[in-house]
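Just so it is clear: chains get the letters A, B, ... in the order the sequence lines come, proteins before strands, and each one is counted from 1. These numbers were taken from a predicted model, which means no experiment stands behind them. All values below come from the heavy atoms of this structure, side chains included, with hydrogens, waters and symmetry mates left out.
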2 protein chains.
Amino acid sequence: MILLDYRDARPIYAQICDGFRDQICTGILRPGDKLPSVRELATQLTINPNTIQRAYRELEVQGWVASEAGRGSFVLGIPESGENAALLKEFDKLTARLLAAGVSRETLLQHLGKGGNDNA
Amino acid sequence: MILLDYRDARPIYAQICDGFRDQICTGILRPGDKLPSVRELATQLTINPNTIQRAYRELEVQGWVASEAGRGSFVLGIPESGENAALLKEFDKLTARLLAAGVSRETLLQHLGKGGNDNA
DNA sequence: TCACTATACTGTATTAGTACAGTTTTGTCA
DNA sequence: TGACAAAACTGTACTAATACAGTATAGTGA
């Protein structure tokens with residue numbers, strides 16, 4: 001259950017992020033669990049679905065959850081160190097740059113496929 | 001002068017991006033030139049300043065312009081694109097690092113999917 | 001039972017309203 | 001002239017309204 005505190009200076013989406021991070025850290029939410037849909041939670045908290053989406057996207061970028069269009073958002077687990085976030089940001093910038101330079105997404109996908117082996 | 005075509009399927013912000021890219025490529029706008037402020041252009045086009053900001057941000061991420069809070073947005077020039085190979089090499093290196101750090105290929109694919117996908 | 005279509009979900013994208021924070025310029029007073 | 005406060009800019013952040021696109025499921029016919 002996510003609770004909002006409107007006296008809190010932090011934005012709503014950040015409070016939602018924190019709420020889910022807590023629930024994942026304490027084991028209330030476990031890898032594979034489904035998060036409430038953006039509309040469901042938005043209705044429950046009486047805020048706009050877009051604000052939920054903003055929170056889910058944040059959690060996704062940071063590696064806590066994964067969202068799939070048409071299916072839902074699912075818990076991944078506690079992401080590895082915070083340094084990865086910085087690396088991922090760099091990754092995003094580089095990607096944008098390559099796309100702007102005319103390199104196709106296919107090419108990048110191929111490069112991604114070629115890399116090492118393991119996974120997390 | 002940026003012109004909008006509301007019959008165009010492309011979103012407004014993408015049209016604005018294209019407009020400025022054209023002006024930079026053709027030399028109408030040169031490095032160091034100041035772009036109209038988000039409010040000024042928004043008023044001129046009778047759209048919301050936020051839509052302009054979206055376009056400027058896109059151009060900034062791609063390396064065409066630089067925005068400074070309180071000062072304005074300025075043309076940088078045509079982003080380097082000659083040595084895509086070098087950029088791709090950097091991409092590979094960064095990818096390897098991320099994978100080694102425990103970031104899953106899934107996460108990287110998601111990041112790739114999220115990147116801006118305006119012009120063809 | 002199986003195939004297919006309609007529908008009811010899901011996340012996502014685009015644009016807008018509004019408030020905030022940083023910088024520059026202008027005005028005022030000593 | 002110089003210092004300093006006020007105001008007029010600037011980009012940015014947060015939330016919301018709305019429309020779109022993908023997926024799963026329920027319903028219907030053979």
Side-chain angles (χ1 to χ4, degrees), chain A residues 2 4-20 32-61 64-76 89 92 96 99 105, chain B residues 2 4-20 32-61 64-76 106-107 109-119:
Chain A
I2 300 290
L4 295 182
D5 177 5
Y6 285 99
R7 291 184 311 265
D8 193 328
R10 289 175 311 166
I12 295 175
Y13 82 91
Q15 292 186 43
I16 295 171
C17 283
D18 284 347
F20 281 115
D33 283 357
K34 192 176 181 304
L35 266 54
S37 80
V38 291
R39 282 170 186 73
E40 186 184 339
L41 188 54
T43 301
Q44 179 192 314
L45 300 178
T46 54
I47 59 177
N48 193 281
N50 244 328
T51 304
I52 311 293
Q53 194 216 326
R54 171 77 184 267
Y56 281 14
R57 178 144 189 174
E58 189 93 2
L59 290 172
E60 186 179 22
V61 167
W64 294 82
V65 309
S67 295
E68 293 176 61
R71 295 194 7 90
S73 298
F74 303 88
V75 174
L76 289 178
K89 235 172 213 167
D92 285 343
L99 290 173
R105 220 179 282 275
Chain B
I2 301 290
L4 296 182
D5 178 5
Y6 285 98
R7 291 184 311 264
D8 193 328
R10 289 175 313 165
I12 295 175
Y13 81 91
Q15 292 186 44
I16 294 171
C17 282
D18 284 347
F20 281 115
D33 283 358
K34 191 175 181 305
L35 266 55
S37 80
V38 291
R39 280 170 187 73
E40 187 184 339
L41 188 53
T43 301
Q44 179 192 315
L45 299 177
T46 54
I47 59 176
N48 193 282
N50 245 327
T51 304
I52 311 293
Q53 193 216 326
R54 170 77 185 268
Y56 281 15
R57 179 146 190 171
E58 190 92 2
L59 290 172
E60 187 179 23
V61 166
W64 294 82
V65 309
S67 295
E68 294 177 59
R71 295 193 8 88
S73 299
F74 303 88
V75 174
L76 289 179
E106 227 80 73
T107 304
L109 287 174
Q110 282 166 12
H111 275 249
L112 253 181
K114 279 196 301 247
N117 46 345
D118 47 321
N119 67 340

Once you round it to whole Å, what is the distance between [atom2] of [N] and [atom1] of [X]?
X: B:Phe74; N: C:dT23; atom1: CZ; atom2: P; answer: 13 Å
X: B:Ile52; N: C:dT14; atom1: CD1; atom2: C1'; answer: 13 Å
X: B:Ile47; N: C:dA16; atom1: CD1; atom2: C1'; answer: 10 Å
X: A:Ile16; N: C:dG11; atom1: CD1; atom2: P; answer: 13 Å
X: B:Asn48; N: D:dC14; atom1: CG; atom2: P; answer: 17 Å
X: B:Gln15; N: C:dA13; atom1: CD; atom2: P; answer: 19 Å
X: A:Leu41; N: D:dA16; atom1: CG; atom2: C1'; answer: 16 Å

Counting just side-chain N and O atoms, does B:Thr51 come under 4.0 Å of either OP1 or OP2 of C:dA16? yes
Looking at residues at least two apart in the chain, or sitting in another chain, which of them share a salt bridge (Lys or Arg N to Asp or Glu O under 4.0 Å) with [X]?
X: A:Arg39; value: none
X: B:Glu68; value: B:Arg71
X: A:Asp18; value: A:Arg10, A:Arg21

B:Leu35 and B:Phe74: side chain to side chain contact (heavy atoms under 4.5 Å, CB included), yes or no, with the steps? CA-CA 6 Å; B:Leu35 266 55; B:Phe74 303 88; over 6 Å; no
At a cut-off of 3.5 Å, list every protein nitrogen or oxygen paired with a nitrogen or oxygen from nucleotides 9-12 of chain D, distance to 0.1 Å.
unit_1: D:dT10; atom_1: OP1; unit_2: B:Ser37; atom_2: OG; d: 3.2
unit_1: D:dT10; atom_1: OP2; unit_2: B:Ser37; atom_2: OG; d: 3.3
unit_1: D:dT10; atom_1: O2; unit_2: B:Gly70; atom_2: N; d: 3.3
unit_1: D:dG11; atom_1: OP2; unit_2: B:Val38; atom_2: N; d: 2.9
unit_1: D:dG11; atom_1: N7; unit_2: B:Arg39; atom_2: NH1; d: 2.9
unit_1: D:dG11; atom_1: O6; unit_2: B:Arg39; atom_2: NH2; d: 2.5

B:Ser37 meets the side chain to side chain donor-acceptor pair (under 3.5 Å) criterion, sequence neighbours left out, with none
B:Ile12 meets the side-chain contact (heavy atoms from CB on, under 4.5 Å) criterion, sequence neighbours left out, with B:Leu4, B:Tyr6, B:Ile16, B:Ile47, B:Thr51
